[in-house]
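In what follows, chains carry the letters A, B, and so on, assigned in the order in which the sequence lines appear, proteins first and then strands, with residues in each chain numbered from 1. Fair warning: this is a prediction, and the values are worked out from it, not measured in the lab. The figures here come from the full heavy-atom set of this structure, side chains too, leaving out hydrogens, waters and symmetry mates.
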Number of protein chains: 2
Amino acid sequence: METPGSGTQAMRALIALRERILAGTIGPGTRLLEVPLSEALEISRTPLREAMARLVEEGLLERVRAGGFVVRSFGFQDVIDAIELRGVLEGTAARLAAERGVGEEALTELGEVVSALDLCFGAAPGEVEFERYSELNAGFHERLSGLAGSSVIKRELDRVTRLPFASPSAFLPDKADIVAFRRSLNVAQDQHRAMVAAIAGREGARAEALAREHARLARQNLEYVMEEDRSLLSRVPGMALMVG
Amino acid sequence: METPGSGTQAMRALIALRERILAGTIGPGTRLLEVPLSEALEISRTPLREAMARLVEEGLLERVRAGGFVVRSFGFQDVIDAIELRGVLEGTAARLAAERGVGEEALTELGEVVSALDLCFGAAPGEVEFERYSELNAGFHERLSGLAGSSVIKRELDRVTRLPFASPSAFLPDKADIVAFRRSLNVAQDQHRAMVAAIAGREGARAEALAREHARLARQNLEYVMEEDRSLLSRVPGMALMVG
DNA sequence: CCTTCCCAAAATGTATACATTGTCGAGACT
DNA sequence: AGTCTCGACAATGTATACATTTTGGGAAGG
């Protein structure tokens, strides 16, 4: 049995719309008109509205006062704030995990992810298996978000992370050619290891500070892209949502 | 002109459903069946689904995998975590406001709210104008959430605050008869004043710590209610959502 | 020339009939 | 007795016709 609803019209509309918004085909601020859209997607208005309602939950659309939806738009500062917010929430997850304590197995598991991440680094300074690193990194952050055992925290963290540019993986893939990015991976991995140690040692404040600083790497990378090489912007996921 | 959509069937359904959920008429975990509900509310299924989609955004409902909606349910720990989360987010708003600086007017305005809160305290120790205090307190937190000038932060803070038991006013109204609650108001007001001072003085860490500790008052009050006098539970907004 | 009112068009809101899908139980076969 | 399957029911999913509201422009009046 597949995921129920995966073959529904609403799901098709959801996927198609999400893709177009993230690709920038439908730019930020654009109002989504039901009739033309339903014709373009060859889907009737009812499931289309269902899809749009879900995209509001994802944070990609906004409801407009008089009815209808527009593509949400983010300024540079909004992107910075979303990254900061992720840091704050991951920090909270890490702190609570440290303060409340976590089960042996969960901690071991997280440690194994960190060990696996170590194996992505080769002998030479800049030699890194990016694809594998990216996957494992996503796994690390996923586990971290649930480590405190709080569904409320996990839920909000997942929510913020759903904004592509605020995701922990936003500045990872196929950035192999940028020296500054490669070096940031070593720092990031140090922080991963330190976070696990802090949580294991019940050092809540340290775990929180580390998670916040960890998110700052994403901010650094974003600022590098904006100031040094804007041609890389198109490779950052969700950047089509940014204006200015 | 009134709020657009305020007279729509979807809005009626939204209000009716929200009321029933918060009152506990429709208990946590209950699945909302479209046909019976639409008959009960005398509203067709289409606007009903619209209303349910909005209640998902509000955090009162959850979508269920196979389709449909259920009333979200919170354990005691979830309520604690939601309050903690509010503290973390208000702390972030306060810290960013301090670090980035806020305009003269906004800061003055916040200070005036604090001064007005002062006037709610009479000469005798426990003499407080609760209604006025409650209103002004809501205003203080509302302004605080926007003080950093970050729409991303404000949005998520508003979102968490929409859970009634996590709202800054959750443990305020008509609690005049509880000595412990009355005393907490004095502490709270001290924290209000200190937060403004910290923000004005660009003391980010202090502002953040104060906001977090401020939210802990709500937690204290919740724990008091749970341990000392559960008969008060029914007076706490949103407690119908709590199970266990 | 600006303002205001009003109408028409276009948008969202609503109802409802119908389609599809998932669920649960009864029956038969093993 | 257990289990597998099939079918009926009940739920959500979809399409579409119709209602209502909003909006923009143009004409009339100040």
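Salt-bridge check for Arg63(B) with Glu50(A): passed, with a basic side-chain N closer than 4.0 Å to an acidic carboxylate O. Classification of Arg159(A) and Glu58(A) as a salt-bridged pair fails, no side-chain N sitting under 4.0 Å from a carboxylate O. Between Glu84(A) and Arg212(A), no side-chain nitrogen of the basic residue sits less than 4.0 Å from a carboxylate oxygen of the acidic one, so the salt-bridge criterion is not met. Of the charged side-chain nitrogens involved, none lies within less than 4.0 Å of a carboxylate oxygen, so that Arg162(B) and Glu57(B) do not count as a salt-bridged pair. The residues Arg45(B) and Glu39(B) are annotated as not salt-bridged, no charged nitrogen and carboxylate oxygen being separated by less than 4.0 angstrom.
Across dT14(C), dT12(D), dT22(D), the shortest atom-to-atom separation from the side chain of Ala66(A) is found for dT22(D). Checking dT12(C), dT12(D), dT23(D) against the side-chain heavy atoms of Arg65(A) singles out dT23(D) as nearest. The listed nucleotides are dA11(D), dG13(D), dT12(C); the one nearest the side chain of Leu33(B) is dA11(D).
Within a heavy-atom distance below 4.0 Å of DNA chain D, the residues of residues 38-47 of chain B found are Arg45(B).
Summarising the geometry, the separation between CG on Leu48(A) and P on dT16(D) is reported as 14 Å, rounded to the nearest angstrom. Gln9(A) has its CD atom 19 Å from the P atom of dT12(D), to the nearest Å. Arg12(A) has its CZ atom 16 Å from the P atom of dG13(D), to the nearest Å. As rounded to whole Å, 14 Å separates atom C1' of dT14(D) from atom CZ of Arg49(A). Put simply, CZ on Arg63(A) is 12 Å from C1' on dT12(C), counting in whole angstrom units. Rounded to whole Å, atom C1' of dG13(C) lies 9 Å from atom CD of Glu34(A).
His141(B) and Glu90(B) form a side-chain donor-acceptor contact under 3.5 Å, judged by distance and modelled atom types alone.
Contact annotation for Leu32(B): backbone-only contact, meaning every heavy-atom pair under 4.0 Å involves sugar-phosphate atoms and none involves a base. Counting non-hydrogen atoms under 4.0 angstrom, Arg31(A) reaches the backbone sugars and phosphates but no base.
Within a 6.0 Å radius of CD in Gln77(B), other residues, nucleotides and ligands contribute more than 12 heavy atoms.
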